[in-house]
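Contents: one structure, followed by commentary.
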Amino acid sequence: MIPDSGAKKMEWASAHMPVLQRLREELMDDQPFAGYRVAICLHLEAKTAYLAKLLSDLGAEVAIAGSNPLSTQDDVAVALAETGVAVHSHHGCTDEEYHAYVEAVAKTRPHLIIDDGGDLIGLLHDSHPELAEDVIGGAEETTTGLMRLRALSAEGRLSFPVLAVNDALSKYLFDNRYGTGQSVWDGIVRATNLVVAGKRVVVAGYGWCGKGVALRARGMGARVTVTEVDPVAANEALMDGCDVTTMDLAAPEGDIFVTVTGCSDVISGRHMERMKDGAILSNAGHFDVEVSVNDLSRLCGDYEEVRYGIRRYTRPDGGRLYLLGEGRLVNLACADGHPAEIMDMSFALQLLALKYISENPGLPPAVYPVGDDIDRRVAKLRLEALGVPLDVLTDEQVRYLSSWKV
Ligand code: ADE
């Protein structure tokens with residue numbers, strides 16, 4: 001490891017996050033987060049660390065926990081702590097330690113929250129409602145987190161407003177599709193050092209993340225099979241050129257499996273029993289429930305660590321199944337997560353979402369969309385940073401588009 005690797009990773013990431021840099025320049029003098037306590041639960045790698053430091057530079061008192069036991073990078077956590085942010089996380093922590101870290105962040109009695117997956121907001125509602133008394137609102141990064149928050153809201157139990165950053169166009173069209181599409185293959189390739197071309201890749205789930213994973217697999221020369229429960233998404237996969245079938249039928253055919261559904265037990269014992277010798281199993285959904293690790297253990301007993309991030313399970317018939325990153329998010333457990341340029345947009349939305357909430361206190365508890373103005377501002381800032389010009393409608397064209405007459 002190179003000296004000061006955490007600080008250098010943050011520096012590299014920030015140099016490739018021009019939208020956040022622009023917002024930094026714009027907001028620094030105003031210190032919009034002065035007097036606010038911000039609690040963050042995000043994957044603690046370099047891009048996240050830059051966001052946390054930026055919020056701190058903009059006046060906030062920031063505390064952060066990692067949002068997955070395997071996604072925290074310890075060198076980054078150390079470097080971030082040295083900047084004055086309160087860091088509660090370490091790589092490879094147990095589930096108990098993970099919950100204690102999230103609790104430690106909740107105990108800072110935040111005003112503003114950034115969550116990824118809903119664990120922090122869930123904890124503030126479930127076990128520690130007294131720590132949520134100062135919360136003005138929050139923002140959620142992922143599809144899974146929003147599903148949980150909407151369920152909480154449907155029960156009438158959500159106690160503060162949350163902005164659905166995941167659902168902004170400048171988020172899911174880029175982060176979920178191209179971010180996941182690239183970083184999942186980064187994780188699988190780094191972990192295995194095997195070729196993708198010519199292999200049969202089975203992608204479970206054809207949401208925006210699944211679309212990205214399948215797209216990039218095809219780009220690398222894989223033959224792609226998609227499994228789906230949704231008829232529209234299944235048709236999209238077909239018309240994108242993928243094969244579509246059930247997991248039962250795909251199980252004996254696949255060389256590499258990637259689950260990206262948000263659901264549990266997508267690959268279970270009955271599939272594992274029928275897989276090829278040497279099949280590789282990975283997950284890109286938020287929680288480690290999509291590939292049933294319990295079923296793997298029941299079927300195969302103990303595993304052997306055969307390479308960093310790869311567990312080999314051997315069935316009674318001798319068939320070997322390789323599980324990547326313990327069945328946790330393969331792009332973060334086996335690589336560095338999404339590219340910096342992608343997280344630049346997602347985290348710019350997070351920053352502007354928190355700013356919006358701080359400027360609009362008293363919003364009734366609900367899950368709100370990110371405003372179109374914020375969404376388009378982030379997209380525009382990125383184009384400006386890239387030097388990519390846009391055409392502008394003439395007055396005549398505006399009139400044409402707003403009239404029912406041809
Ligand atoms: N880096 C930080 N947060 C991330 C996320 N939700 N997905 C991928 N990479 C990330």
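Remember, it's 1-based here, ligands and their atoms both numbered in the order they're listed.
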### Message
For Tyr206 and Cys242: C-alpha separation, side-chain torsions, deciding distance, then whether side-chain contact (heavy atoms from CB on, under 4.5 Å) applies.
### Response
CA-CA 11 Å; Tyr206 208 66; Cys242 305; 4.2 Å; yes
### Query
So do the side chains of Lys276 and Asp255 get within less than 4.5 Å of each other, counting heavy atoms only?
yes
### Summary
To the nearest 0.5 Å, atom CG of Leu80 lies from atom OG1 of Thr72 at 10.5 Å
### Query
Which residue pairs pass the ring-ring contact (aromatic ring centres under 6.0 Å, His included) test with at least one member in residues 142-165, sequence neighbours excluded?
His125-Phe160
May I have every N or O pair linking ligand 1 to the protein at under 3.5 Å, one per line with atom names and distance?
{"from": "ligand 1", "atom 1": "1 (N)", "to": "Glu45", "atom 2": "OE2", "distance (Å)": "2.4"}
{"from": "ligand 1", "atom 1": "6 (N)", "to": "Asp116", "atom 2": "OD2", "distance (Å)": "2.9"}
{"from": "ligand 1", "atom 1": "9 (N)", "to": "His338", "atom 2": "N", "distance (Å)": "3.0"}

### Task
Determine, stepwise, if the pair Asn68 / Tyr98 fulfils side chain to side chain donor-acceptor pair (under 3.5 Å).
CA-CA 8 Å; Asn68 184 295; Tyr98 171 77; over 6 Å; no
### Query
Should the pair Arg312 and Tyr322 be classed as cation-pi, given the thresholds of under 6.0 Å to the six-membered ring centre and 45° from the axis?
no
